[in-house]
Amino acid sequence: MLKKPIILQEGYPFMAVTFLLGVLFCYLKWYYAAVVPFVLCLYFTYFFRCPPRNGKIVPGDDTLVSPADGTVVDVSHDVEEDTFLGEKCHRITIFLSIFDVHCNRSPMAGEIKYQSYTQGRFLPAYKEGVGFENERGAIGITGKKRSILVILIAGILARRVVSWKNLGDKLTKGELYGMIKFGSCTELYIPGDCEICVKKGDKVKGGLTVVGRLK
């Protein structure tokens, strides 16, 4: 399983720049101004946190766990997915605010059979249609019982989809595989017979919340 520190290395440049800027302001005796970069440094430390959850992942090939922390903003059925699955699916859309953990985890164990990255716009991630217009990265995972598709969608503040895995790599359930810097949205497409265990408005935790049970 991919091991990551409590603070992701992607956050180090943001933390370093704001901290050094605060030190510079203090050196120049701009003490009030120094508060701003120090507060930002603390926020970036908080934002790029990666709480360990490996020992808490729900086992079993029939359960799918949430790919992200956030709020379920939509649950749709009979959604046509043509990029990888080629059939109608259940779609769960999760909005990640700037205060949520932004590590993305695999909903199930399997192999990455599809991977794509698409440049696009940076509309607010909670708006309808951003999955087709915004910058996004997708992975298709094939497991023992089903293939699924997970799409990471950049938001108004996000400018980069980060992936730590490549086509052909194998993932365990709940394994970290990527993130989107700052506000974003994650979509999970599930084909076939599946009991959806979440509804609009639910709060979910990546790797911990069961979002579906395969039948």
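Atom set for the values below is all heavy atoms of this structure, side chains included, hydrogens, waters and symmetry mates excluded.
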Checklist entry - With no hydrogens and no angle check, is any side-chain donor or acceptor of Lys165 less than 3.5 Å from a backbone partner on Gly178? => result no

Checklist entry - Parallel, tilted or perpendicular: which describes the rings of Tyr43 and Phe99, with under 30° parallel and over 60° perpendicular? => result perpendicular

Checklist entry - If only atom types and distance count, is the side chain of Arg146 paired as donor or acceptor with the main-chain N or O of Pro191 below 3.5 Å? => result yes

Checklist entry - CG/Leu188 to SG/Cys89 distance, rounded to the nearest 0.5 angstrom? => result 9.5 Å

Next on the checklist: For the backbone of Tyr12 and the side chain of Gln9, can you confirm whether one donor and one acceptor N or O come within less than 3.5 Å of each other?
Outcome noted: no

Item to check | CA sep, side-chain torsions, deciding dist, call: Ile112, Leu171, side-chain contact (heavy atoms from CB on, under 4.5 Å) | outcome: CA-CA 7 Å; Ile112 299 177; Leu171 297 169; 3.9 Å; yes

Checklist entry - Would you say the side-chain atoms of Glu175 and Tyr177 include a donor-acceptor pair closer than 3.5 Å? => result no

Checklist outcome for this item: Between the SG atom in Cys41 and the CZ atom in Phe14, the distance rounded to the nearest 0.5 Å is 12.0 Å

Checklist entry - Is there a chain of hydrophobic side chains (I, L, V, M, F, W, Y, each step under 4.5 Å between heavy atoms) that links Leu21 to Val35? => result no

Checklist outcome for this item: For Leu85 and Ser147, the nearest pair of non-hydrogen atoms, with its separation, is CD2-O, 3.5 Å

Checklist entry - Does the side chain of Phe44 come within less than 4.5 Å of Leu40's, by heavy atoms? => result yes

Next on the checklist: Tell me whether Glu195 contacts the main-chain N or O of Arg213 through its side chain, where contact means a donor paired with an acceptor under 3.5 Å.
Outcome noted: no

Checklist entry - In chain order, what residues pass the side chain to side chain contact (heavy atoms under 4.5 Å, CB included) check against Val17, with sequence neighbours excluded? => result none

Item to check | Point-to-point distance, once rounded to the nearest 0.5 Å, from OH of Tyr189 to CD of Glu87 | outcome: 13.5 Å

Checklist entry - What do the steps show when you test Arg49 against Asp69 for salt bridge (Lys or Arg N to Asp or Glu O under 4.0 Å), and what is the final call? => result CA-CA 12 Å; Arg49 70 197 186 280; Asp69 287 32; 6.0 Å; no

Checklist entry - Stepwise, does the side-chain contact (heavy atoms from CB on, under 4.5 Å) test hold for Lys199 with Val72? => result CA-CA 7 Å; Lys199 62 184 184 302; Val72 177; over 6 Å; no

Next on the checklist: So which atom in Cys50 and which in Arg105 form the shortest heavy-atom distance, rounded to 0.1 Å?
Outcome noted: SG-NH2, 4.5 Å

Checklist entry - Can any side-chain N or O of His102 pair as donor or acceptor with the backbone N or O of Asp100 at less than 3.5 Å? => result yes

Checklist entry - Should the heavy atoms of other residues, nucleotides or ligands under 6.0 Å from CZ of Phe19 be counted, would the total exceed 12? => result no

Checklist entry - Where the side chain of Lys173 meets the backbone of Gly60, is there a donor-acceptor pair that is under 3.5 Å apart? => result yes

Checklist outcome for this item: When Thr186, Ile151, Leu152 are each screened for side-chain contact (heavy atoms from CB on, under 4.5 Å) with Arg136, the one that passes is Ile151

Checklist entry - Considering all heavy atoms of both residues, which atom of Val150 and which atom of Pro67 are nearest to each other, and what is their separation? => result CG1-CB, 4.1 Å

Next on the checklist: Within the 4.5 Å heavy-atom criterion, are Thr93 and Cys185 side-chain neighbours or not?
Outcome noted: yes

Checklist outcome for this item: CG of Leu149 to OG1 of Thr142, rounded to nearest 0.5 Å, is 10.5 Å

Checklist entry - Looking at side-chain heavy atoms only, is the closest gap between Gln115 and Asn166 below 4.5 Å? => result yes

Next on the checklist: Could you report the tightest heavy-atom contact between Cys103 and Leu8, atom names first, then the distance?
Outcome noted: SG-CD1, 3.6 Å

Checklist entry - Going through the distances and angles, do Val101 and Arg53 end up as a side-chain contact (heavy atoms from CB on, under 4.5 Å)? => result CA-CA 12 Å; Val101 173; Arg53 294 176 180 171; 4.2 Å; yes

Checklist entry - What pair of heavy atoms forms the shortest contact from Pro107 to Ile141, and how long is it? => result CD-CD1, 4.1 Å

Next on the checklist: If you define the side chain from C-beta out and look only at heavy atoms, does anything of Val204 sit under 4.5 Å from Ile92?
Outcome noted: no

Checklist entry - Could you go step by step and tell me if Thr83 and Ser116 meet the side-chain contact (heavy atoms from CB on, under 4.5 Å) rule? => result CA-CA 10 Å; Thr83 59; Ser116 70; over 6 Å; no

Item to check | Distance-minimising heavy-atom pair for Gly174 and Ile57 | outcome: CA-CD1, 3.9 Å

Item to check | Heavy-atom side-chain proximity of Val211 to Cys197 below 4.5 angstrom | outcome: no

